[in-house]
Number of protein chains: 2
Amino acid sequence: MTTASTGGPRWLTDEEQSVWSAYLHATTLMEDHLDRQLQRDAGMPHIYYGLLVQLSRAPRHRKRMTELAKDAKITRSRLSHAVARLEKNGWVRREDCPSDKRGQNAVLTDEGHAMLVRSAPGHVAAVRQAMFARLTPEQVRNLGEIMRVVAAGLQPEGTDADLPWLR
Amino acid sequence: MTTASTGGPRWLTDEEQSVWSAYLHATTLMEDHLDRQLQRDAGMPHIYYGLLVQLSRAPRHRKRMTELAKDAKITRSRLSHAVARLEKNGWVRREDCPSDKRGQNAVLTDEGHAMLVRSAPGHVAAVRQAMFARLTPEQVRNLGEIMRVVAAGLQPEGTDADLPWLR
DNA sequence: GACCTTTTCTTGAAAGTTGAACTAGATAGA
DNA sequence: TCTATCTAGTTCAACTTTCAAGAAAAGGTC
């Protein structure tokens, strides 16, 4: 399946295809797995859980909307909807930003924090069982390096992210 | 952050946390990237494109719904909706299964095939640029092995997938 | 200040996903 | 055969995501 440099499109090698297919399967199954686990045990999808985690790690349990969106790699629009839903659950509340009247802080409520404390062990166990318990320490190290490279290459503001051919 | 075996939940080590975070960032950014690329160039999300690819690889360009859902790792419900949409686009059509009157085959139309031929080079280029162009051959090899292990562990019918503590 | 541009966040509609309920046909046992 | 159970696929309602449009405040320039 490998096309020599005949000017046509450059296809993936057989190994690359196989790796790509494994990547797609693994990531799809992982996302489904975690979504189901958290929907069952915490009543929300994985991404919403991730938002609560971000807030729990932030100073004073709060964060500007835009910053939160950036950290969670989602659009501001999506975050608006998500926070509205989490607010309805009582896990997050909005608060005007004192220094910028346009701004809003998302604040983790006590109930939100409690919910996190309650569901974190199960979630960590799921992650461990699905990934870390199955990999050797060296594989974990390699995976980290690989994912960092890929993420860096896709980062929106990356210095040369969209110009790899200039390297 | 490492908890000794005190009976409490077993958290992730610092390195595991860092790897997990890199994994989530990379996979989220990658999915967004491909969804946008295909939405722009082929008018459909990545998963729909994957369905057409599956059909194009199947004998006679057709596949039973359930099998297609299994191969694409999605629910039958989601597939029903997806095929309805692709049918509206003229890229797929449904066909009664001759041997089982409950069954349906999803069939790739000529237009669907043409669309695939047209958009494949751009998609492959996007995948290559985002992933394979950035990794060493050894990293590609390692990634393949890692993703196969993870996927195998999450496979629904996995012999001991949900019973890792019995190994 | 007046004007223009940018940033922040929200909204609404359209598209996609989920999980449960449902129909029709296949299968197996008495 | 009759019945119970299972499988294939669809449909519905609730929910989530996307994209485009918009309101409000901030920042810059004259």
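Here the structure is a predicted model, which is why all the values come from computation and not from measurement. Below, read A as the first sequence line, B as the second, and so on, with proteins coming before strands; counting in each chain starts at 1.
- Atom P of nucleotide dT17(D) and atom CG of D32(B) are separated by 11 Å, given to the nearest angstrom.
- Rounded to an integer number of Å, the gap from N89(A) CG to dT16(D) C1' is 14 Å.
- If you measure from atom CG of L38(B) to atom P of dT18(D), you get 15 Å, rounded to the nearest angstrom.
- Listed candidates were dT17(C), dT10(C), dG25(C). Nearest to the side chain of K101(B) is dG25(C).
- Between the CD atom of Q39(A) and the P atom of dA20(C) there is a distance of 11 Å, rounded to whole Å.
- Of the two residues near DNA chain C, G103(A) and D35(A), the one whose nearest nucleotide lies more 5' is G103(A).
- Contact annotation: R85(B) reaches the phosphate of dG16(C) (side-chain N/O to OP1 or OP2, under 4.0 Å).
- A donor-acceptor contact under 3.5 Å is not formed by the side chain of T75(A) with the base of dT17(D).
- I74(A) comes within contact range of no nucleotide atom at all, as no heavy-atom separation falls under 4.0 Å.
- Judged by atom type and distance alone, R102(B) does not reach the base of dG9(D) through any side-chain donor-acceptor pair under 3.5 Å.
- No hydrogens or angles were tested; on distance alone, nothing pairs the side chain of S80(B) with the base of dG9(D) as donor and acceptor under 3.5 Å.
- Among the heavy atoms of the strands lying under 4.0 Å from D100(B) are primed sugar atoms or P, OP1, OP2 only; no base atom is included.
- Look at R78(A) and you'll find a side-chain N or O under 4.0 angstrom from OP1 or OP2 of dT18(D).
- For Q104(B) and D96(B), the side-chain atoms include at least one donor-acceptor pair closer than 3.5 Å.
- The CZ-P distance, from R76(B) to dT11(D), rounds to 14 Å in whole Å.
- The interatomic distance linking R94(B) (CZ) with dA8(D) (P) rounds to 16 Å, in whole Å.
- Inspection of the Q37(B) and H123(B) side chains reveals an N or O donor paired with an N or O acceptor under 3.5 Å.
- Look at CD on E31(B): it is 9 Å from P on dT18(D), rounded to the nearest Å.
- No contact: R40(A) has no heavy atom under 4.0 Å from any strand.
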Give the intermediate values and the outcome of side chain to side chain donor-acceptor pair (under 3.5 Å) for residues S18(B) and R148(A).
-> CA-CA 10 Å; S18(B) 147; R148(A) 271 184 284 274; 3.1 Å; yes
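- In this structure, CE of M65(B) is placed 16 Å from C1' of dT23(C), rounded to the nearest angstrom.
- Taking the six-membered ring where the residue is Trp, W20(B) and F132(A) present perpendicular rings, their angle passing 60° and hence far from 30°.
- When each of E67(A) and I47(B) is assigned the nucleotide of DNA chain C bearing its nearest heavy atom, the one mapping closer to the 5' terminus is E67(A).
- Residue-to-nucleotide contacts include no donor-acceptor pair under 3.5 Å from the side chain of H81(B) to the base of dG9(D).
- The two residues L116(A) and S56(A) make their nearest non-hydrogen contact at CD2-CB, 3.5 Å.
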